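Here's the structure, in C-alpha cells; my notes come after.
Predicted model only: the values in this text are computed from it and were never measured.
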Amino acid sequence: MTFNYVVDPEAPERAGRASTRFKGVLKELGVSPKVIRAISIAMYEGEINMVIHAKGGTIRCDVDPDKITVVMADVGPGIPDIEQAMKAGWSTASPEARELGFGAGMGLPNMKKWSDKLLVETELGVGTTLTMEFNLT
Amino acid sequence: MKVSEIMQILEARMFTQQEEDLEIDSGCGCDLMSDVLAFNHNNNVLLTGAVNLQAIRTCEIVDTHVVVFVRDKEPSEEVVELAEDAGIVLLGTHYSMFEACGRLYLAGLRGEEINNDF
Ligand SMILES: Nc1ncnc2c1ncn2[C@@H]1O[C@H](COP(=O)(O)OP(=O)(O)O)[C@@H](O)[C@H]1O
Ligand SMILES: [Mg+2]
C-alpha cells in the first residue's frame with residue numbers, strides 16, 4: 001500500500017498535516033503504538049525540515065508486511081555537510097522557524113534515533129531526499 | 001492528576017469543549033517544539049507559551065492531550081479548532097511558566113525522564 005502527500009511551502013502553518021494524516025492511517029491499520037510514535041515523530045521532523053529549510057516537496061509512504069518506508073523528497077538548497085547536519089544541536093534555522101518553536105538542531109538526530117534505517121541523499125541547489133525505514137517485525 | 005484539578009490549581013479556563021475528567025500522569029514545560037519532540041511522552045500535560053498551530057500539531061504527533069497556555073496567552077480560533085479536531089484539551093492560565101509549573105509540582109505532578117540516547 002502506498003500513500004502520497006504533498007508538502008506545500010506556501011503554507012508553513014500547515015506543516016505537519018501529512019504526518020498527522022499518515023499517523024491516522026497507521027492507527028487504522030492497527031500498527032503498534034510504539035511504531036506509530038516512532039514513525040510520526042521522525043516523519044514530522046522531516047516534514048518540518050522540508051518547509052523551514054527547503055521549498056516543500058513530496059512524501060511517499062510504503063506499507064509492506066515487514067516494514068514501512070517513508071521517502072521525503074524536497075526541492076531545496078541541499079545539505080552541504082551531512083555529517084555536521086546530523087550533529088545534535090547544529091541548526092541553520094531562520095528566525096521565523098525559531099518563532100514557531102523549531103531550530104534546536106534535533107530533527108535529523110531524532111529521525112536517526114526513531115528510524116531503523118536512515119538514508120540522506122542530497123545535491124546542492126537541487127534538493128534532498130530522505131529515506132527512512134521502520135521495521136514492523 | 002485530573003484536568004479539573006489542573007484547572008483549579010492554575011485558576012485556568014478552558015478554550016475547547018472537552019471533558020474535565022481526563023487523567024494525566026506527568027508534566028512538561030516547554031516553548032521549543034523541537035524539545036517537545038525529543039522528550040518521551042507518556043500521557044503528559046504540556047505547559048507552553050507557544051500559541052500557534054505548530055504547537056497543536058506537535059502535540060498530535062506525540063500524543064499529548066492536554067495543553068496549558070501560560071501568561072494569559074489567547075489562542076486564535078484556528079488553533080482552538082485544530083485542537084478540538086485532534087481531541088486536545090486547551091487551557092489558559094494567568095500564571096507565568098515558572099509559577100504554573102511550580103504550582104503543579106507542589107500539587108504532586110512530576111516531570112518525565114528525558115531520553116538523551118542519540
Ligand atoms: N531538507 C533539508 N534541506 C536543506 N537543509 C536541511 C534539510 N534538513 C536539514 N537541513 C540542514 O540540517 C540542519 C539540521 O537539521 P535538523 O537536525 O532538523 O535541525 P533544525 O531543523 O532544528 O535546524 C538544518 O539546520 C539545515 O541546515
Ligand atoms: Mg529540523
Practice task
Identify the heavy atoms of A/Ala104 and B/Asp35 that sit nearest to each other, and give their distance.
Solution key: CB-OD1, 4.2 Å
Practice task
Just do the side chain to side chain contact (heavy atoms under 4.5 Å, CB included) check on B/Leu37 and A/Trp114 with the steps written out, would you?
Solution key: CA-CA 11 Å; B/Leu37 286 168; A/Trp114 290 102; over 6 Å; no
Problem - Side-chain cluster (under 4.5 Å, hydrophobic types only) that B/Tyr105 belongs to, other residues - result: none
Exercise for the section: Look at the side chain of A/Arg37 and the backbone N and O of B/Val62, then say whether any donor-acceptor pair between them is shorter than 3.5 Å. Expected result: yes
Practice task
Please answer: with hydrophobic residues joined when any side-chain heavy atoms are less than 4.5 Å apart, are A/Met50 and A/Ile52 in the same cluster?
Solution key: no
Practice task
Quick one: list whatever passes salt bridge (Lys or Arg N to Asp or Glu O under 4.0 Å) with A/Glu96, sequence neighbours left out.
Solution key: none
Problem - B/Gln8 atom CD, over 12 foreign heavy atoms within 6.0 Å - result: no
Problem - Atom group of B/Asn52 that falls short of 4.5 Å from chain A, counting heavy atoms - result: side chain
Completion exercise
The interface call for B/Thr58 against chain A, heavy-atom contacts under 4.5 Å, is both
Practice task
Answer yes or no: does atom CD of B/Gln17 have more than 12 heavy-atom neighbours from other residues, nucleotides or ligands under 6.0 Å?
Solution key: no
Exercise for the section: Could you tell me whether the side chain of B/Gln54 and the main chain of A/Ala15 form a donor-acceptor pair under 3.5 Å? Expected result: yes
Completion exercise
Listed by number, the residues in residues 70-91 of chain B that come under 4.5 Å of chain A (heavy atom to heavy atom) are none
Problem - Salt-bridge criterion met for B/Asp63 and A/Lys23 (N-O under 4.0 Å) - result: yes
Name each donor-acceptor pair under 3.5 Å that joins a side chain in residues 55-63 of chain A to protein atoms two or more places apart or in another chain, with its distance.
unit_1, atom_1, unit_2, atom_2, d
A/Arg60, NE, A/Asp62, OD2, 2.7
A/Arg60, NH2, A/Asp62, OD1, 3.2
A/Arg60, NH2, A/Asp62, OD2, 3.4
A/Asp62, OD1, A/Thr2, OG1, 2.6

Handout entry: Residue pair A/Leu100 / B/Met33: nearest heavy atoms and the distance that separates them
Key = O-CG, 3.8 Å
Handout entry: Proximity breakdown for B/Leu53 and chain A, heavy-atom pairs closer than 4.5 Å
Key = side chain
